[in-house]
S.K.: 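Let me give you the structure first, and then I'll get to my questions.
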Amino acid sequence: MYSVLLLCGGLAGITTVLFGFGGGFVVVPLMYILLIAVHGPDSTMGLAAMHIAVATSTALMIFAASLSAWRHHRRRTVQWHLVRPLVGYIAIGAVLGAAAAVSLSGGWVRWVFIGYLGLTIADAILRPGFLHQASEEVRPMGRLVTAVTGLFIGIFAAFLGVGGSVMTVPLMRRRGASMTAATAMANPLSLPMAVSGTATYVLLSAGDTALGTWYAGYVDLRALLALAVGSWLGIRLASLWIGRIPDRVHARVYLLLLTVVLVVMVVV
């Protein structure tokens, strides 16, 4: 199981650097599948599988998004003047999203995950603005729009354990950003969500001792370690490709990856 998680962490690291996913779109489906396969759907682990997958994925983002953000910062691809105003609102939203996820059954979290993915893919394909060639300048947002957007990103990213990419990348694309710039901004914007969300998952589920001693709330610590090591290797490898993928190809591969994850979650 842990060798699979190591490979999964590598894929998470690659998608974090190149697509801003924070690992969630790789980690959540795979951990969910592994927990169900190893422990069975009706076991304690099986019944909590979605919560464990989401919480562990959120914790991984603290490491993966930090390292990836640093890599992008060194390449000067992060537009910090657009990132900073959103950080506080995302952190607040992440607390609300994690609390909501803990209060619901794993089945509901899974179907919200599937539903949001489907809407995101359909919106990117059907509504103009995502697949177009980017302009030179990213249009800034007003204060009210920034506050509402930040809260929305934090709530859904922590609820689903997927980082901010699924919301920030389409948002920044429609405001004129290249895929490189949009994914670069998704990484530091995943950090406040990851920290607040992980703390909330741990605190609200700390009393659940049925999962075992290697759990901090719903966070699987052994799985997290294997994922982090793999993620470090994946980030080092993918950093070589920052800014080198043609913009339109980058956007289409982003949607393709979302579609693959959607299919996996529906089938499983």
S.K.: Quick one: CD1 on Ile62 to CG on Leu67, what's the gap to the nearest 0.5 Å?
M.R.: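 That separation rounds to 14.0 Å.
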
S.K.: Who clusters with Leu144? Use side-chain heavy atoms, under 4.5 angstrom, across I, L, V, M, F, W and Y, and order the result by chain and number.
M.R.: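 Other cluster members: Val148.
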
S.K.: One pair to check against side chain to side chain contact (heavy atoms under 4.5 Å, CB included): Thr180 and Arg75. What are the steps and the verdict?
M.R.: CA-CA 11 Å; Thr180 297; Arg75 297 291 183 90; over 6 Å; no

S.K.: Any idea how His73 and Trp80 line up, ring-wise: parallel (<30°), tilted (30 to 60°), or perpendicular (>60°)?
M.R.: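 Plane angle over 60°, so perpendicular.
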
S.K.: Tell me whether the count of non-hydrogen atoms from other residues, nucleotides or ligands lying under 6.0 Å of CZ in Arg174 goes above 12.
M.R.: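 It does: Arg174 CZ has more than 12 such atoms within range.
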
S.K.: Testing Val27, Thr198, Val219 one by one against Leu60 for a side-chain contact (heavy atoms from CB on, under 4.5 Å), which residue passes?
M.R.: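 Going through the options one by one, the only one that passes is Val27.
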
S.K.: Has Thr15 got a side-chain atom pairing as donor or acceptor with Ala12's backbone, closer than 3.5 angstrom?
M.R.: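 Checking the backbone N and O of Ala12 against the side chain of Thr15, a donor-acceptor pair under 3.5 Å is found.
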
S.K.: Are Met50 and Val28 packed together at the side-chain level, in the sense that at least one heavy-atom pair is separated by less than 4.5 angstrom?
M.R.: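 The answer is yes, as the side chains (C-beta and beyond) meet within the 4.5 Å cut-off.
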
S.K.: Roughly how far, to the nearest 0.5 Å, is the OG1 atom of Thr56 from the OH atom of Tyr215?
M.R.: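 Spacing of OH (Tyr215) from OG1 (Thr56) equals 7.0 Å.
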
S.K.: I'd like to know if the side chain of Thr77 reaches the main chain of His72, judged simply by a donor and an acceptor atom lying under 3.5 Å from each other, with no hydrogens or angles considered.
M.R.: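 Indeed, once roles are kept as given, a pair shorter than 3.5 Å links the two residues.
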
S.K.: Give the intermediate values and the outcome of side chain to side chain contact (heavy atoms under 4.5 Å, CB included) for residues Leu34 and His39.
M.R.: CA-CA 8 Å; Leu34 286 175; His39 301 285; over 6 Å; no

S.K.: Are Arg252 and Asp247 close enough for a salt bridge, meaning some N to O gap below 4.0 Å?
M.R.: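 Salt bridge absent between Arg252 and Asp247.
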
S.K.: Tell me the ring-ring contact (aromatic ring centres under 6.0 Å, His included) pairs involving residues 219-255, sequence neighbours left out?
M.R.: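 For residues 219-255: Phe19-His250, Phe21-Tyr254, Phe130-Tyr254.
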
S.K.: Does Val95 belong to the same Ile/Leu/Val/Met/Phe/Trp/Tyr cluster as Val195, with side-chain heavy atoms less than 4.5 Å apart forming each link?
M.R.: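 No; Val195 is not reachable from Val95 via cluster members.
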
S.K.: Measure across Ala216 and Val202 and return the closest heavy-atom pair with its distance rounded to 0.1 Å.
M.R.: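 Nearest heavy atoms, Ala216 then Val202: O-CG2, 3.5 Å.
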
